[in-house]
K.L.:
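Before I ask anything, let me first share the structure, which is written out below as structure tokens.
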Amino acid sequence: MSETEGTTEPQPIDFIREKINADNASGKFGQRVQTRFPPEPNGYLHIGHAKSICLNFGIAGDYDGVCKLRFDDTNPEAEDQSFVDGIIEDIAWLGFEPDDIVYASDYFDQLYDWAESLIERGLAYVDDQNAETISENRGGFTTPGVDSPWRDRSSEENLALFRGMRDGEFADGEKVLRAKIDMNHENMQMRDPVLYRIRRVHHQRTGDSWIIFPTYDWAHGQSDAIEAVTHSICTLEFDSHRPLYDWCLEHLELPHEQPEQTEFARLNLTHTVTSKRKLRQLVDDGVMSGWDDALMPTLRGVRRRGYPAAAIRAFMSHIGVAKTNSTHDIELLESFIRTELNRTALRRMAVLRPLKVVITNWPEGQEDEREAINNPEDESAGTRMVPFGRELWIEQDDFKLDPPPKYFRLTPGREVRLRAGYFITAQDAVTDDDGNVVEVHCTYDPETAGGQAPDGRKVKSTIHWVSAAHAIDATVHLYDRLFTEPHPGADGSDPMASLNPDARETLTGAKLEPILSEVTPGQVVQFERLGYFAADLDDPAVFHRTVGLRDEWANIQKRRQK
RNA sequence: UGGCCGGUAGUUCAAUUGGCAGAACGCCUGGUUUUGGUCCAGGAGGUCGCAGGUUCGAUCCCUGCCCGGCCAGCCA
């Protein structure tokens with residue numbers, strides 16, 4: 001098990017690690033710590049899974065233990081090899097290396113044998129009732145269940161029937177194997193849960209050799225036990241399954257100490273959804289271009305978006321682990337993204353909404369190169385040369401004919417600094433018939449090369465720019481919240497109703513400084529003053545805004561509106 | 001409706017066996033700054049879900065209540 005370095009902070013110990021410490025102190029598992037990450041390969045991993053991954057692999061790392069990746073492939077209906085491959089890739093990207101990659105289907109023989117042993121001891125029976133009847137007879141929260149008429153078959157008969165199920169003597173759904181526990185149990189999970197069902201569906205690993213498949217409850221704890229897992233960590237909704245988890249294991253001869261299930265609260269984030277089912281719907285409905293759309297909260301999506309794996313790990317470590325149902329502000333995640341990227345991202349200049357600036361006292365045809373710092377947070381990142389000329393692109397927002405209060409940028413008669421360039425003063429502006437500014441005429445002060453005035457005069461603002469003669473064109477995607485509601489569907493409404501129609505804004509005329517032609521796919525750079533942008537994985541002339549910079553000016557404007 | 005799990009700043013989490021309620025993010029103010037970024041300093045923000053009880057003393061223990069989540073798939 002290995003974990004790459006990331007930004008971490010001192011972390012108060014969580015209740016799970018406390019429990020492990022207690023187990024180590026009592027010698028319950030002989031100081032051994034083993035966890036597992038057990039996804040079903042029926043979709044790609046999302047940011048919620050990252051919490052579980054960080055927890056399980058993180059604990060194994062902390063305690064010098066073991067953590068395997070186990071695919072819970074007990075239901076071939078929605079499962080697929082492409083998801084297996086994708087999940088393996090995503091975990092590696094997040095920065096974790098499983099000690100082994102295993103499959104619940106590896107244990108089908110053992111699981112089957114254990115089921116027979118249960119039957120032999122009168123602890124399981126074959127039920128001929130159909131799904132609907134079983135459901136009806138399970139009873140309700142306040143009403144007892146009704147025993148199946150087949151509940152008291154002899155062991156011999158059950159054994160023959162179960163083998164018949166395995167050997168194809170019955171149709172899908174005709175019979176199931178059930179544990180014989182208590183149809184009047186206050187916990188619904190204990191009312192004779194189904195252990196095996198017949199499904200003539202091709203399985204991506206076992207092919208057609210099995211037509212009966214164990215349910216989650218018959219597979220999960222046993223898989224843990226076979227692998228020698230000590231701490232089986234899962235999300236809160238499995239809480240009511242724990243008595244069944246224990247029941248199964250207590251009635252079997254286990255090769256190791258009996259593992260212990262502990263539940264924690266899954267991760268929810270505002271303005272998005274972390275549910276495979278809903279994410280699949282977004283893909284199937286064509287709202288998203290795929291599971292790897294930069295707007296998707298999937299690991300593949302946030303990777304395209306430019307979220308660094310180290311930042312995700314730091315976030316998970318920060319939010320901790322508890323049993324409180326919680327929804328974190330997406331802004332908190334974004335602050336971790338910024339912290340990481342501020343340290344690591346190269347600074348570049350790019351103009352998203354270009355406005356032409358002509359330096360009227362700069363000689364026609366003369367070119368210059370300015371030296372710019374690549375990352376003020378990291379001296380070793382060095383400097384680069386940026387071409388400069390008579391005609392430049394600046395951001396439309398950086399010039400106002402009629403400036404609002406506290407506006408520090410370019411406006412007629414005011415002097416500002418071009419980053420790494422010169423001081424310029426706006427003289428006049430050309431407007432079109434509608435009064436929109438289409439070109440600004442400025443003069444520059446040759447004494448201010450590099451951005452400092454020899455006479456010590458100050459300037460209130462520094463703006464970014466790109467030489468028009470050297471600019472390269474790019475397409476830039478800007479992103480907003482996926483859902484307008486902080487908690488989509490929380491009031492019982494359809495979550496899709498609050499999908500943000502303006503979540504993606506695509507700008508096709510962006511102008512980049514020439515060195516940006518050298519970015520590698522997926523590389524994240526800071527466009528100075530604008531935010532962090534990731535070069536697309538497939539087309540590096542396309543950029544995705546990972547996250548914006550904190551924007552004091554936006555706050556000032558917001559306050560003024562109130 | 002029964003059972004289980006939760007409820008501490010706006011949000012998420014802490015508080016060493018009952019002893020002056022803390023942190024991060026966000027927000028506000030000031031300083032630094034060739035990014036209105038970063039960084040630094042400071043500030044506002046809490047009836048510890050509610051009501052009783054035990055105690056010198058309760059966020060913590062007890063009782064009752066309220067609110068939220070999960071559970072009645074041959075999904076996981």
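Because the structure is predicted, anything quoted here is derived from the model rather than measured. Lettering follows sequence order; numbering is per chain, from 1.
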K.L.:
Taking CZ from A:R550 and P from B:U35, how many angstroms apart are they, rounded to a whole number?
P.N.:
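It is 15 Å, rounded to the nearest whole Å.
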
K.L.:
Can you tell me if A:S135 touches the phosphate of B:G73, counting only side-chain N or O atoms and a distance under 4.0 Å to OP1 or OP2?
P.N.:
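Yes, within the criterion.
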
K.L.:
In whole angstrom, give the distance that lies between atom CD1 of A:I337 and atom C1' of B:U38.
P.N.:
17 Å

K.L.:
Are A:F162 and A:Y125 close enough that their ring centres sit under 6.0 Å apart?
P.N.:
no

K.L.:
With a 4.0 Å cutoff (strictly under), does any side-chain N or O of A:R138 reach OP1 or OP2 of B:C74?
P.N.:
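For B:C74, OP1 or OP2 has a side-chain N or O of A:R138 closer than 4.0 Å.
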
K.L.:
Less than 6.0 angstrom separating the ring centers of A:Y216 and A:F238, yes or no?
P.N.:
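Yes; A:F238 has its ring centre under 6.0 Å from that of A:Y216.
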
K.L.:
Is A:S317 reaching over with its side chain to a backbone N or O of A:R313, donor-acceptor style, under 3.5 angstrom?
P.N.:
no

K.L.:
Using a cut-off of strictly less than 4.0 Å, decide whether A:R347 has a side-chain nitrogen or oxygen near OP1 or OP2 of B:U35.
P.N.:
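For A:R347, the contact criterion (side-chain N or O under 4.0 Å from OP1 or OP2 of B:U35) is not met.
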
K.L.:
Can you tell me how far P of B:G37 sits from CG of A:D398, to the nearest Å?
P.N.:
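The distance from CG of A:D398 to P of B:G37 comes to 14 Å, rounded to the nearest Å.
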
K.L.:
On the side chain of A:H185, is there an atom forming a donor-acceptor pair with the base of B:A72 - under 3.5 Å, no angle test?
P.N.:
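There is none.
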
K.L.:
Describe the nucleic acid contact of A:N187 in one word from base, sugar-phosphate, nothing, applying a heavy-atom distance below 4.0 Å.
P.N.:
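The answer is nothing, as A:N187 stays clear of every strand by at least 4.0 Å.
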
K.L.:
Does the ring centre of A:Y422 sit less than 6.0 Å away from the ring centre of A:F388?
P.N.:
yes

K.L.:
Paired with B:A14 by Watson-Crick or G-U wobble geometry, both distances under 3.5 Å: which nucleotide is it?
P.N.:
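The base-pairing partner of B:A14, which may sit in any strand shown, does not exist here.
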
K.L.:
Would you please confirm or rule out a distance under 4.0 Å between OP1 or OP2 of B:U11 and any side-chain N or O of A:S326?
P.N.:
no

K.L.:
What's the CD-P distance between A:E18 and B:A15, to the nearest Å?
P.N.:
7 Å

K.L.:
Check this one for me: any side-chain N or O of A:N555 less than 4.0 Å away from OP1 or OP2 of B:C27?
P.N.:
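For B:C27, OP1 or OP2 has a side-chain N or O of A:N555 closer than 4.0 Å.
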
K.L.:
Just name whichever nucleotide pairs with B:C65, Watson-Crick or G-U, keeping both distances under 3.5 Å, else none.
P.N.:
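B:C65 is paired with B:G49.
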
K.L.:
Checking base pairs now: Watson-Crick or wobble, both atom distances under 3.5 Å. What partners B:C70?
P.N.:
B:G3

K.L.:
Output yes when at least one side-chain N/O atom of A:R197 is less than 4.0 Å from OP1 or OP2 of B:C75, else no.
P.N.:
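So the side chain of A:R197 is within the cut-off, an N or O lying under 4.0 Å from OP1 or OP2 of B:C75.
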
K.L.:
If you go through the side-chain atoms of A:Q526, does one of them form a donor-acceptor pair with the base of B:U35 closer than 3.5 Å?
P.N.:
yes

K.L.:
Does A:T327 use its side chain to pair, donor to acceptor, with the backbone of A:L269 at less than 3.5 Å?
P.N.:
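Checked: no pair found.
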
K.L.:
According to a cutoff of under 5.5 Å between the ring centres and under 30° between the ring planes, does A:Y216 stack with the base of B:A76?
P.N.:
no

K.L.:
Does the ring of A:F141 lie flat against the base of B:G3, closer than 5.5 Å centre to centre with planes under 30°?
P.N.:
no

K.L.:
Are A:R529 and B:U33 close enough that a side-chain N or O sits under 4.0 Å from OP1 or OP2?
P.N.:
no

K.L.:
Side-chain N or O of A:T74 versus OP1/OP2 of B:A76: is the shortest distance under 4.0 Å?
P.N.:
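Yes, A:T74 has a side-chain N/O under 4.0 Å of OP1/OP2 on B:A76.
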
